[in-house]
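Here the structure is a predicted model, which is why all the values come from computation and not from measurement.
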Amino acid sequence: DVRQLSSGYQQRVNIVRGLLADAAVLVLDEPTDALDPTNKTFVIDQLKAYASRGTVLVVSHENTGADRIIRLHGGALVEATQQLA
């Protein structure tokens with residue numbers, strides 16, 4: 001039963017579910033929040049690979065190495081930047 005797993009393992013299971021769905025758009029809320037640094041890097045690398053065939057939208061308080069960063073404050077756009085690859 002997935003509910004018996006630690007929060008980090010539950011997070012990884014949910015990410016794998018999303019990746020296996022092979023959707024055109026993948027939306028993730030804090031996908032690396034409960035992960036150790038090694039697994040955070042692995043997950044980010046997997047999401048970047050997935051982004052080559054679809055859109056990945058990540059909501060996070062961390063800099064995840066995204067191609068584009070959009071900052072919101074109070075529901076309003078305050079900054080939009082495009083990162084260099």
Side-chain angles (χ1 to χ4, degrees):
D1 184 10
V2 174
R3 292 174 291 191
Q4 295 177 350
L5 298 173
S6 70
S7 60
Y9 278 108
Q10 287 181 22
Q11 187 76 336
R12 284 178 264 186
V13 167
N14 287 329
I15 291 167
V16 169
R17 283 180 180 162
L19 294 172
L20 290 175
D22 202 30
V25 178
L26 188 61
V27 179
L28 300 125
D29 182 18
E30 299 285 355
T32 60
D33 187 46
L35 303 179
D36 61 80
T38 300
N39 282 307
K40 282 183 183 195
T41 300
F42 178 77
V43 166
I44 294 303
D45 289 345
Q46 296 304 307
L47 295 176
K48 285 181 178 181
Y50 188 89
S52 69
R53 65 180 190 272
T55 299
V56 178
L57 174 63
V58 175
V59 176
S60 180
H61 291 94
E62 297 181 50
N63 180 355
T64 59
D67 294 333
R68 294 183 190 127
I69 297 174
I70 298 171
R71 291 189 190 341
L72 302 175
H73 182 73
L77 176 67
V78 294
E79 180 183 14
T81 59
Q82 179 142 354
Q83 304 295 317
L84 300 175

Once rounded to the nearest 0.5 Å, what's the spacing between atom OG1 of Thr81 and atom CG of Asp67?
10.5 Å
Count the heavy atoms of every other residue, nucleotide or ligand shown that sit under 6.0 Å from CZ of Arg71, and state whether that count exceeds 12.
no
Side chains of Leu72 and Val78: closer than 4.5 Å at any heavy-atom pair?
no
Asn14 side chain near Leu28 side chain, heavy-atom distance below 4.5 Å
no
Would you compute the distance between atom CD1 of Ile69 and atom CD of Glu79 and round it to the nearest 0.5 angstrom?
8.0 Å
Output yes when a side-chain donor or acceptor of Ser52 lies under 3.5 Å from a complementary backbone atom of Lys48, and no otherwise.
no
If you define the side chain from C-beta out and look only at heavy atoms, does anything of Thr32 sit under 4.5 Å from Glu62?
yes
Taking all heavy atoms of Lys40 and all of Leu35, pick out the closest pair and write down the distance.
CE-O, 3.0 Å
What are the two closest non-hydrogen atoms of Pro31 and Ile15, and how far apart are they?
O-CD1, 3.3 Å
Around atom CZ of Phe42, are there more than 12 heavy atoms from other residues, nucleotides or ligands closer than 6.0 Å?
no
What do the steps show when you test Leu47 against Leu19 for side chain to side chain contact (heavy atoms under 4.5 Å, CB included), and what is the final call?
CA-CA 8 Å; Leu47 295 176; Leu19 294 172; 4.1 Å; yes
Side chain proximity check, Val16 to Gln46, heavy atoms < 4.5 angstrom:
no
All heavy atoms of Leu5 vs all of Gln10, minimum pair found to be O-NE2, 2.9 Å
